[in-house]
Amino acid sequence: MAQSQFEVQEIHTKDEYARLVDVLWTANFQPYNPVFTAVHPVTGHTPEDRIRDKALDTEIRWAAHEKNPASHLIYVIDKQNGRVAGGCEWLIFRENPFPNGPQPIPCTWYPKGSERAEYTSRFLSQAFFPRQCWFQRAHAGVNAMGVHPDYRRRGVGRLLMQWGHDRIDPLGYESFIEGSPIGRWLYEECGYRRVVSLNIDLDKKDPSEEWSRLVYECRPPAILLLWRPPRGEWTEKVPPGPWAVTAETWR
Ligand SMILES: CC(C)(COP(=O)(O)OP(=O)(O)OC[C@H]1O[C@@H](n2cnc3c(N)ncnc32)[C@H](O)[C@@H]1OP(=O)(O)O)[C@@H](O)C(=O)NCCC(=O)NCCS
């Protein structure tokens with residue numbers, strides 16, 4: 001594998017981030033990822049819609065990144081031609097990020113009060129509920145992992161994972177991912193194991209046409225909760241899941 005062809009870099013400007021957003025949108029429409037459409041502002045599918053929607057996505061997520069000291073946006077550059085091959089967000093929480101316990105997660109990228117916003121909020125609040133309950137401590141996570149179809153199965157995803165593990169392993173942090181069946185094999189290769197599979201409940205009694213369409217277009221597959229203990233060491237000390245970790249566990 002020609003890994004030296006690639007370089008992992010941390011993103012420091014909104015313009016750099018816009019280049020990654022472009023690749024993440026391509027990665028998540030090939031194949032079509034129903035979750036992506038819920039959690040990003042997808043207002044249509046014409047080339048003009050894409051330009052506008054990606055610009056809004058860049059604005060929203062860059063603003064969130066700037067507000068969150070745990071967020072590291074990284075991408076992999078193909079040194080031969082300067083293209084962005086893929087990227088992700090690493091979250092490295094140096095203290096308990098959920099001191100107030102689990103909270104509903106609002107959707108700010110679809111109009112307030114719309115069924116789209118309600119749908120997305122229901123999805124996100126369920127998907128992130130286990131993390132918010134179990135990880136009342138310093139830990140890490142990965143969001144928005146995507147590799148351009150031109151670069152798949154060439155070790156780019158592995159490089160993105162390695163970037164984070166190089167930083168959290170010396171700190172002894174656990175890592176946790178709300179993954180999809182597509183990402184699963186990459187994460188398992190990198191020391192994660194599925195501890196729970198979530199079936200998100202998006203049913204509604206007497207749904208509107210809009211809600212039924214959303215369920216059709218955006219029904220998430222099983223959300224796989226993947227866990228990696230400190231340094232990826234699956235020793236006899238490791239309990240059955242992150243919910244069973246106590247202050248004494250890793251001593
Ligand atoms: C998931 C994804 C990020 C993987 O990126 P990638 O750069 O192709 O992954 P890598 O080449 O680093 O793969 C490392 C290892 O993971 C496993 N793996 C990765 N993709 C796999 C696949 N589609 N099928 C089976 N195993 C896979 C393999 O063991 C692979 O090693 P190998 O190629 O030597 O056998 C990429 O397929 C993608 O962007 N998919 C669309 C977006 C998405 O679903 N993201 C995940 C959200 S949770």
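Note that the numbering runs from 1 along the sequence shown for the chain. Ligands are counted one by one from 1 in listed order, and the atoms in each one are counted from 1 as well.
Atoms of ligand 1 found under 4.0 Å from any heavy atom of I182, numbered from 1 in the order shown, are 1 (C), 40 (N), 44 (O). Listed by number with element, the atoms of ligand 1 under 4.0 Å from a non-hydrogen atom of V147 are 3 (C), 5 (O), 7 (O), 38 (C), 39 (O). Heavy-atom contacts of G155 reach the following atoms of ligand 1: 10 (P), 11 (O), 12 (O) (cutoff under 4.0 Å). Taking a cut-off of under 4.0 Å to the non-hydrogen atoms of R158, the atoms of ligand 1 that pass are 12 (O), 14 (C), 15 (C), 30 (C), 31 (O), 34 (O).
Heavy atoms of G146 approach ligand 1 to within less than 4.0 angstrom.
Between W211 and Y119, the ring center distance clears the sub-6.0 Å criterion. A distance of 6.0 Å or more separates the ring centres of Y173 and H139.
Between G157 and ligand 1, an N or O atom pair is found at a separation short of 3.5 Å. Residue contacts with ligand 1: Y187 is placed with no nitrogen or oxygen under 3.5 Å of a nitrogen or oxygen of the ligand (distance criterion only). In terms of polar-atom proximity, defined here as any N/O pair under 3.5 Å, N33 makes no such contact with ligand 1. Any N or O atom pair closer than 3.5 Å counts here, and A27 shares no such pair with ligand 1.
No donor-acceptor pair under 3.5 Å is formed between the side chain of S121 and the backbone N or O of A117. Counting only distance, with no hydrogens or angles, the side chain of R19 and the backbone of D15 share no donor-acceptor pair below 3.5 Å. The backbone N or O of V42 lies less than 3.5 Å from a partner atom in the side chain of Y110, making a donor-acceptor pair.
Checking H165 against R231 by side-chain atom types alone, no donor-acceptor pair falls below 3.5 Å. D57 and W25 form a side-chain donor-acceptor contact under 3.5 Å, judged by distance and modelled atom types alone.
For atom 33 (O) of ligand 1, the nearest non-hydrogen atom from the set R154, R153, M161 belongs to R153. Considering only non-hydrogen atoms, atom 4 (C) of ligand 1 lies nearest to L186 out of V23, L226, L224, L186.
Residues R158 and E189 are paired through a salt bridge, judged by an N-O separation under 4.0 Å between the basic side chain and the carboxylate.
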